[in-house]
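Notes follow once the structure below has been shown.
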Amino acid sequence: MVSITTRDASVDFPIFDAKSRSLKKTVLGVVGGNIDSGAKVPVIQALHEVTVDLEDGARVGLVGHNGAGKSTLLRLLAGIYEPTSGTAVVHGKVAPVFDLGVGMDPEISGYENILIRGLFLGMTRKQMEKRVDDIAEFTELGDFLSMPLRTYSTGMRVRLALGVVTSIDPEILLLDEGIGAVDAAFLEKARDRLGDLVARAGLLVFASHSDEFLRQLCTSAIWMEHGRIKQQGSLKEVLTAYKGPEAWPLEKGHGAA
Amino acid sequence: MTPSPLGRAFQDLRAGWGQRELWGHLGWQDIRQRYRRSLLGPLWITISMAVTAIALGILYAGLFGNPLEEQLPYILVGFIVWGFISGCVNEGSEVFIANEGLIKHLPSPISVHVFRLIWRQMLFFAHNLVVYAVMLIVFPQPLTWRSLAAIPAFALIVLNGAWVALLAGIISTRFRDLTPITQSIVQLMFFLTPIVWIYDDLINSPNPDVADRARLAEFNPFLHFIEIIRAPMLGADQQIRHWLVVLAITVVGWVLAILVMRRYRARVAYWV
């Protein structure tokens, strides 16, 4: 059973400046005693007491301003950050798609990158070998796939990364926006494939600034502000509250409330 | 139900081991990567080891007035083993810092990065064994079936490399000064450990001052690690005390590493 449950989960980042990250200061600090202000490490509260219950079939959009905690929340849900207080329990195989460049090696060929990226997303070598032809066809990269990745343009890299990501079968799919830099015709194709991927996934959480994308992929939403959940509910409710009524054009028939 | 922090530390190691396909592939990739577009490829690992060891062998055979067929194999084997040990310690102290991007973007057990590092060092070691094989042809050693002790000895060294990398990796992610400190210490230990100088020669030195000082090497843990594998590889007498010291360090080291993992494993993603 696929699910994500968090209870009052907080994520606090200690911010070590060059000095407090050194042994010298810690050792001297212990010896010297009560230097309260100097000894404490400043903390950024990226998430504060977040409680969510996501079940199989959930299609959740994350909205909020830059720095509101969307990406941190995604990382909490992925299990990358374990909460500093509270709990977060994730059941299911997570496929996070935050940064298309991570895990890509410019010096090796497109084919090899497909394999490595797949392994990182929890696939086996055999599973990836089965998918390679499908990915090659989708990316339309042809002979370039045997060239080192450094010879690719930005758009070509995005194609490759999208090709791999959309070929897997995730139980929990976590998408962070930032899938730009592709030509319009390809984007249409990618959109279909993303749609398929989302349909295969048991659970989707998608952080985006694009109302259109959100309406297309999500049914419910979470509005983040200053590291807290400001509102949770149906996509229509949350988007209307977040952006105003014009975010929900009447002619669009989506929005299962 | 959430498992205890201790349970999670073990779970991390188990899950990391389960991803053999990933770190196995990445370890190979790291090696091929380093020598990409070079004509000889990873053979360079072997060549540069051979050149250094032969040069040091000739130099120190001359300095100590020892026969080359005694000094060169001693230095060569010591050097190959030291390469593995220092690789694990040095790279271990920045294993998580170096993988910041992966740690922050993909959920995986932290032990994956350590296993990748140890595996890469094992591959380096395997490349260097070619030099050892050639040496056996040029300077035959009195190998017996007891020389097979080199295999469990290497396994023990690998096991220690893993806890050192985990422990040093976690601590130096929090305290960034630890990486340069570690690297300086490793450099220093190269000279304090009998690698270029022959332990038995100095202990049995006619000059009592030299002999006394050489005996201090017993306090150097690296001595015991080098000895358990070098003696069998050269067909020399093996002494049980080196094995006992290494076994004790293995147990204590892993307990320590697991305790630190229990407390700080989840912090690594915050610290990198």
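Throughout, protein chains are lettered first and strands after them, A, B, ... in sequence-line order, and every chain is numbered starting at 1.
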Decide yes or no for [X] and [Y]: does some side-chain heavy atom of the first lie under 4.5 Å from some side-chain heavy atom of the second?
| X | Y | answer |
| --- | --- | --- |
| B/Arg32 | A/Ile108 | no |
| B/Gln29 | A/Glu112 | yes |
| A/Phe120 | B/Ser108 | no |
| A/Phe16 | B/Arg176 | no |
| A/Leu119 | B/Leu26 | no |
| B/Pro107 | A/Arg75 | no |
| A/Asp12 | B/Tyr270 | no |

Pairwise distance [atom1]([X]) to [atom2]([Y]) - rounded to 0.5 angstrom:
| X | Y | atom1 | atom2 | result |
| --- | --- | --- | --- | --- |
| A/Ile80 | B/Lys104 | CD1 | NZ | 10.5 Å |
| A/Arg125 | B/Leu22 | CZ | CG | 10.5 Å |
| B/His105 | A/Asp176 | NE2 | CG | 8.5 Å |
| A/Leu115 | B/Glu21 | CG | CD | 8.0 Å |
| B/His25 | A/Ile116 | NE2 | CD1 | 4.0 Å |

More than 12 heavy atoms from other groups under 6.0 Å of [atom1] on [X]:
| X | atom1 | value |
| --- | --- | --- |
| B/Tyr35 | OH | yes |
| B/Trp254 | CH2 | yes |
| A/Phe144 | CZ | no |
| A/Arg200 | CZ | yes |
| B/Leu39 | CG | no |

_Side-chain donor or acceptor of B/Gln33 paired with backbone N/O of A/Glu107 under 3.5 Å_ =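 No, B/Gln33 side chain to A/Glu107 backbone: no donor-acceptor pair under 3.5 Å.
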_B/Ala269 versus A/Tyr81, closest heavy-atom pair with distance_ =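 So the two residues come closest at O-CE2, 3.5 Å.
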*Do you know the tightest heavy-atom contact between A/Glu82 and B/Ala266?*
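Nearest pair, atom of A/Glu82 first, then B/Ala266: OE1-CB, 3.2 Å.
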